[in-house]
Number of protein chains: 2
Amino acid sequence: MDLRELQTFRAVAEMGSLTRASDRLHIAQPALSRQIRLLEAELRTALFTRDGRGMRLTPAGEVLLERSAGLMRDVDRMRDDLRSFLGAPTGYVHVGLLPTVSAMVSGAVARRVLHELPAVTLRMSESYSGHLVDWLHRGDLDVAVLYGPSEALHMPTQSLGHESLVAVAASGEHLGNLAEMELSRLLAEPLALPSANHGIRRIIDDAAERAKYPVRVLMEADSFRILVNVAVQGLAVTVLPKSAVRREIEAGTLTTARIVSPALDREVIMAWAGNGPPSVAASAVTSILREEVLSAFGFSGAG
Amino acid sequence: MDLRELQTFRAVAEMGSLTRASDRLHIAQPALSRQIRLLEAELRTALFTRDGRGMRLTPAGEVLLERSAGLMRDVDRMRDDLRSFLGAPTGYVHVGLLPTVSAMVSGAVARRVLHELPAVTLRMSESYSGHLVDWLHRGDLDVAVLYGPSEALHMPTQSLGHESLVAVAASGEHLGNLAEMELSRLLAEPLALPSANHGIRRIIDDAAERAKYPVRVLMEADSFRILVNVAVQGLAVTVLPKSAVRREIEAGTLTTARIVSPALDREVIMAWAGNGPPSVAASAVTSILREEVLSAFGFSGAG
DNA sequence: TTCCCTTACGATCGGCGTAAATATT
DNA sequence: AATATTTACGCCGATCGTAAGGGAA
C-alpha cells in the first residue's frame, strides 16, 4: 500500500470511473487500472465492482475511502508542519466563516495572510453554523468562527466576545430615530428574518417565547445579504449584528436601533477540529483571524 | 513523502546510523542515504546532523519521528482491517496483561487465538498497571486487562467483575485452618507484599490507613511469583487474588483465608487505546480475552 | 454500437547495489 | 587511522503510455 495508490484509489472512487479519474490525475487509464489491481491484490479484497459502465465501490471499498481520508489529511498536515519547521508557516489552511463574519473580516484576513504568511495556501468557506460544525467534525475545516453557545459542540472553542443584535431598517422607515426598541415593539413591525434554526432566528424565537410574544414574520430569507437588501428597500425590519451593516449605516441607507427588554446578543467563538493539535500554519492563520474578528467587532481581548 | 521513505527514516533514527539501519532493513547504505536526502529535500528541512559518528536527529527530525509513529500505526491497522473484510480477522494485535492475569489466562488465550484466529499475529506483554496504561496511551497496546478503578484512565474501559483478595501462606503455617482472617490480624503476621504504588499494595495500604492500622512488611517483592515462592517457603504471609494461586492450593502447598473487616477486593477491567476504533483483529482477540478472563476468575458476565 | 475496463508491449524513469571518494573524530 | 556518510555509475525492475482486446448495456 502506497500513498500514491491511495490517492489514485480515492480519485477513482470519487469519479466513479477510471476514465474520468485519469483525466483528473493526468495519468493514462491503464496505469490506474494497474494500480487498483495491485491494491486489491495486496488487500486481498475487491474494492470496486466493474459493471461495464464504471467502477462502483464494494463495502470494503467504502471502508477504505472513509479511513484513508483521515490518513491523507494527517500526512499532508505532517508534511506542512515539517516544512514550517524552519522558516515561515507553510501549508494549506481551511477556515470556515459565517456569512456575517465573512462580510466583515474575509477581506482583511485574506490580505494579511497573503502578506504575512506567503507560504500558506488559504481557503475560506462561508456557510451556516450547522454546516460549519459538521465540517469541523469531519476534519474538513482547520478552524471556524461561529456563534455560541459552545456547549455540546464537543470540540475545543474559545470565546471572543458578546455581540449585540440590532433592529435594522431603511433610514426614515419603521424605526424613526429611535436608538432603542423594545422586543415587543420590534415584533409588531413587519419582519424579515432567517428561517427557523438559523442562529439569529433562534435567539429571537427563544426570547419571544420566554416573554410569550408571538413571532409573525413578513418574509424569511436565509442569506443576510438578502435581508439587508430587503431592509434597504424599506419593505421590512430585520435583525442583525450591528457591525454587519456598518457600511450601510455610514452610507446613510440603513438605521439601527438597539433591542432592549430583553437585550439580545450572541457569543462569538472560535472552534477547532478536535482531531490532533492544529498545524503550525493553521495556528498562524488562527492568530490573524482572531485579531481581525476582535477588531472588526470592537471586542477588547479575550471574551 | 512516501511510506517507504518514512519507514527508512524511522529505522535510521532509531538506530542512529545509516550503517546499522542498512543491516536491519537489508538495504545498502547508499540507498538509505539517498532516501534520507530526498526526504530532507522534500521537507526542505534537515532531519539529521551528521557528526562523523552516526546520524542524530534534529528537532525537526524528532517531530517527524513522533508524528510518523501514529501514522504508520494507522496505515498498518487500515491494511489489516481491509484484509479482514472478507474472511478471517487478519493482522497484528498486542495485548497487555498484569502478571497475575497473565499467569491465569495467557496460555488459554494463546491457544484459542492460534486455533480460532489463524490469520492474527498475537503479541502478549506482561507488566504492571502503570506501564500498561502508558503503553495504551501511546498506542503500543490494542487492549489490556488491568485493575480498576477505571476513573482517570481517560480511555474506554469495561468492567469484568470484582475479585476478592485472600491471605496466602504455606499450608499449616500462619493461617492455620482459618477460612477468614480479619485485616487487623493479617497485619500482625509477617508480611511479604509488593512495594508501594503497586495495585495490591495500594489497596492494602488504603484499607489499613482508613482503619488506622499500621502496615509493617517483612519484605517487599515486585513480582507475584517471588511472593508465591516466599509464601511456599513458609517465611511470610502474602496477599493475592485467590485465582492466582489456584494451582498451589490444589497441590496443597498453599492455603488461603478470605480477608474480612473490611473485605478487600479489586475490580478487573479491560481498557482500550482511545485513538480510533479498535481493528477488526483486535476486537476478535478482545472477545476471546474477555471470555477467558471471565471464566478464569469465575465471573458470571459483565461486571 | 458504444462505452469502459483490461491486457499486451515497448520505452522510460527511478532506485538499488558495488566501488571509490570524502569528512570527522 | 578508523569509521561513517556521500558521490559515481551500471543495472534491473517498476511504472507509464500507446495500442489492441473483451464485455456489458
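The analysis underlying the following values was restricted to heavy atoms, covering all of them including side chains, and did not include hydrogens, waters or symmetry mates. It should be emphasised that the depicted structure is a prediction, and the values quoted were computed from it without experimental measurement. Chain letters run A, B, ... following the sequence lines, proteins first, then strands; residues in each count from 1.
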Residues pairing under salt bridge (Lys or Arg N to Asp or Glu O under 4.0 Å) where one sits in residues 116-128 of chain A, two or more places apart or in two chains, turn out to be A:R112-A:E116, A:E126-A:R225

Phosphate OP1/OP2 of D:dT5: any B:T19 side-chain N/O under 4.0 Å: yes

Give a yes/no answer on whether the side chain of A:S33 brings an N or O atom under 4.0 Å of OP1 or OP2 in C:dT6. yes

Output for pair (A:D80 CG, B:L43 CG), nearest 0.5 Å, gives 10.0 Å

Nearest-Å distance, CZ (A:R20) to P (C:dC3)? 13 Å

Take atom CG of A:D23 and atom P of C:dC4, then tell me their distance rounded to the nearest Å. 10 Å

Rounded distance [0.5 Å steps], CZ in B:R50 versus CE in B:M55: 4.0 Å

How many Å lie between CG on B:L39 and C1' on C:dG14, as a whole number? 16 Å

Can you check the A:M55 CE to C:dT6 C1' distance for me, whole Å? 10 Å

Do nucleotides 10-25 of chain D as a string where each nucleotide becomes B, S or -: B if the base has a protein heavy atom under 4.0 Å, S if just the sugar-phosphate does, - if no protein is that close. -----BSSBB-----S

How would you list, by chain and number, every residue that makes a side-chain contact (heavy atoms from CB on, under 4.5 Å) with A:D142, sequence neighbours excluded? A:V93, A:H94, A:A282

Rounded to whole angstroms, how far apart are CZ on B:R37 and P on D:dT7? 6 Å

Please state how far atom CE in B:M15 lies from atom P in D:dT5, giving the value in whole angstrom units. 12 Å

Side chain proximity check, B:L6 to B:T8, heavy atoms < 4.5 angstrom: no

Is there a donor in the side chain of A:S68 and an acceptor in the side chain of A:R10, or the other way round, less than 3.5 Å apart? yes

